[in-house]
There are 2 protein chains.
Amino acid sequence: MARSLRKPKAAGRPPEVRPSAQQAENLRRSRRDRAVETAQDYVEAIADLSASLGEARVVDLARRLGVTHVTVNRTLTRLQQAGYVNTQPYRAIFLTDSGRKLADECKRRHQTVAAFLRKLGVSEKTAELDAEGIEHHVSPETLATFEKLLARR
Amino acid sequence: MARSLRKPKAAGRPPEVRPSAQQAENLRRSRRDRAVETAQDYVEAIADLSASLGEARVVDLARRLGVTHVTVNRTLTRLQQAGYVNTQPYRAIFLTDSGRKLADECKRRHQTVAAFLRKLGVSEKTAELDAEGIEHHVSPETLATFEKLLARR
DNA sequence: ATCAACATGTAGCCTATGTTACATTTCAAA
DNA sequence: TTTGAAATGTAACATAGGCTACATGTTGAT
Ligand SMILES: [Mn+2]
Ligand SMILES: [Mn+2]
Ligand SMILES: [Mn+2]
Ligand SMILES: [Mn+2]
């Protein structure tokens with residue numbers, strides 16, 4: 001059974017239709033999505049807190065995101081460099097236009113996913129829980145499909 | 001508008017039903033899921049490669065996962081410590097019983113999610129792409145719902 | 001049997017994201 | 001006006017997961 005270390009030349013036939021290459025692409029995108037999850041969760045939280053409290057403070061974000069204020073601080077530095085937020089020392093955090101736009105997209109995606117799961121019969125709590133993760137991996141095509149099915153009936 | 005740094009005492013009323021705490025819990029779980037995504041993708045890939053090639057080699061995994069062999073090596077060290085794989089220098093990688101069990105679960109989840117998306121009308125390619133990310137965030141309840149709906153009709 | 005090409009291993013670097021411990025700033029209340 | 005508790009900032013550390021460059025091991029072909 002043990003295949004040798006080096007593969008023989010695969011006589012003649014085409015070098016396989018490389019399912020691995022497609023798999024790799026999919027996994028790469030999945031990892032790329034993962035990298036922007038943080039930004040999405042932050043701007044969404046900032047938008048929510050701004051709406052409900054009037055402004056978003058570091059402590060509020062930390063509580064809401066379930067991390068320490070240190071983590072929030074460092075991430076905000078990155079988000080500012082990325083152009084999503086404006087911060088000043090000891091002041092509240094505000095979204096840029098770009099950040100607000102991202103937040104709106106995220107909120108819409110989040111709500112669509114959650115609503116879709118509920119419509120399938122998934123419990124309120126589980127729908128909200130799963131949506132928090134799934135929202136970052138739903139392509140525009142899939143999101144459109146969800147919305148179409150939500151509109152029906 | 002600018003809320004003061006320190007909040008006033010919130011006279012009398014209960015200290016709000018803490019939606020933040022629930023949000024934080026959801027986000028924490030989402031991050032926890034993220035942390036095990038790697039393990040899941042690896043054991044799934046190892047199982048696939050073992051089935052199609054007879055064994056899983058580091059280069060095959062690197063190609064399939066879309067990373068370098070260095071990354072594969074280090075991750076395999078962690079997976080071995082976690083008890084999912086057995087490795088020996090310069091030899092193929094094998095799943096432990098625990099690893100095989102995890103791989104089976106992942107494969108089932110992956111297939112269910114992909115099949116469900118296809119059934120909704122999502123294109124083959126997009127279904128596969130989205131499933132690669134979504135699979136890690138689908139709770140047992142949601143998975144069961146998907147399966148039930150797949151069985152119908 | 002030799003050996004070069006490929007597979008595998010390792011050293012050292014990076015970023016993202018989490019933590020605890022401690023320093024500094026702000027402002028509501030005394 | 002003073003002041004101390006809460007908020008915010010910062011230093012130092014840890015782990016996961018990427019990478020390049022280079023060293024070492026294996027084995028199919030010659
Ligand atoms: Mn989320
Ligand atoms: Mn969300
Ligand atoms: Mn995956
Ligand atoms: Mn998968």
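All chains are named by letter (A, B, ...) in the order of the sequence lines, taking the proteins before the strands, and each is independently numbered beginning at 1.
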Query raised in the report: CD of B:Glu55 versus C1' of D:dT26: gap in Å, rounded?
Result: 13 Å
Report task. Would you please confirm or rule out a distance under 4.0 Å between OP1 or OP2 of C:dG18 and any side-chain N or O of B:Arg31? Result -> yes
Query - Partner set under ring pair (Phe, Tyr, Trp, His ring centres under 6.0 Å) for B:His137, not counting sequence neighbours - result: A:His137
Query raised in the report: For B:Glu37, what residues pass the salt bridge (Lys or Arg N to Asp or Glu O under 4.0 Å) criterion, not counting sequence neighbours?
Result: A:Arg34
Report summary line: Taken to the nearest whole Å, CZ/A:Arg32 to P/D:dC19 is 13 Å
Report task. With a 4.0 Å heavy-atom cut-off, tell me which residues in residues 38-45 of chain A come close to DNA chain D, sorted by residue number. Result -> none
Query raised in the report: Should the pair B:Lys107-B:Glu105 be classified as a salt bridge under the 4.0 Å nitrogen-to-oxygen rule?
Result: no
Write down the protein N/O and nucleotide N/O pairs, taken from nucleotides 10-13 of chain C, whose separation is under 3.5 Å; answer none if there are no such pairs.
none

Report task. Measure from the side chain of A:Tyr90, starting at C-beta and using heavy atoms only, and say which of C:dA7, C:dT26, D:dC19 lies closest. Result -> C:dT26
Query raised in the report: Using 4.0 Å as the upper bound for N to carboxylate O, is an ion pair formed by A:Glu25 and A:Arg28?
Result: yes
**Report entry** Atom-pair distance (CG on A:Leu76; P on C:dG18), nearest Å
**Finding:** 12 Å
Query raised in the report: Would you say the side-chain atoms of A:Gln23 and B:Arg63 include a donor-acceptor pair closer than 3.5 Å?
Result: no
Report task. Verify whether one side chain among A:Ser50 and A:Glu55 offers a donor that lies under 3.5 Å from an acceptor in the other. Result -> no
**Report entry** d(CZ, B:Arg57; P, C:dG9) in whole Å
**Finding:** 9 Å
Report task. Name all pairs fulfilling the ring-ring contact (aromatic ring centres under 6.0 Å, His included) condition that reach into residues 19-59 of chain A, sequence neighbours left out, sorted by first residue then second. Result -> none
**Report entry** side-chain N/O A:Thr68 vs C:dT19 OP1/OP2, d < 4.0 Å
**Finding:** yes
Query raised in the report: Which residue lies toward the 5' end of DNA chain D, B:Val36 or A:Gln88, if each is placed at its nearest nucleotide?
Result: A:Gln88
Requested in this report: Check every strand shown and say whether A:Arg78 touches a base, only sugar-phosphate, or nothing at a heavy-atom separation below 4.0 Å.
Outcome: base
**Report entry** From SG (A:Cys106) to CD (A:Glu44), nearest 0.5 Å
**Finding:** 6.0 Å
Requested in this report: In whole angstrom, give the distance that lies between atom CZ of B:Arg91 and atom P of D:dT27.
Outcome: 5 Å
Query raised in the report: Of all the nucleotides listed (C:dA7, C:dT19, D:dT8), which has the minimum atom distance to the side chain of A:Thr71?
Result: C:dT19
Query raised in the report: Please give, in whole Å, the distance from C:dA16 P to A:Glu37 CD?
Result: 15 Å
Query - salt bridge (charged side-chain N to carboxylate O under 4.0 Å, His left out): pairs with one or both residues in residues 113-136 of chain B, sequence neighbours excluded - result: A:Arg29-B:Asp130
Query - Between C1' of D:dT8 and CZ of A:Arg63, the distance in whole Å - result: 13 Å
Requested in this report: Grab the CG-C1' distance between A:Leu61 and D:dT8 for me, whole Å please.
Outcome: 13 Å
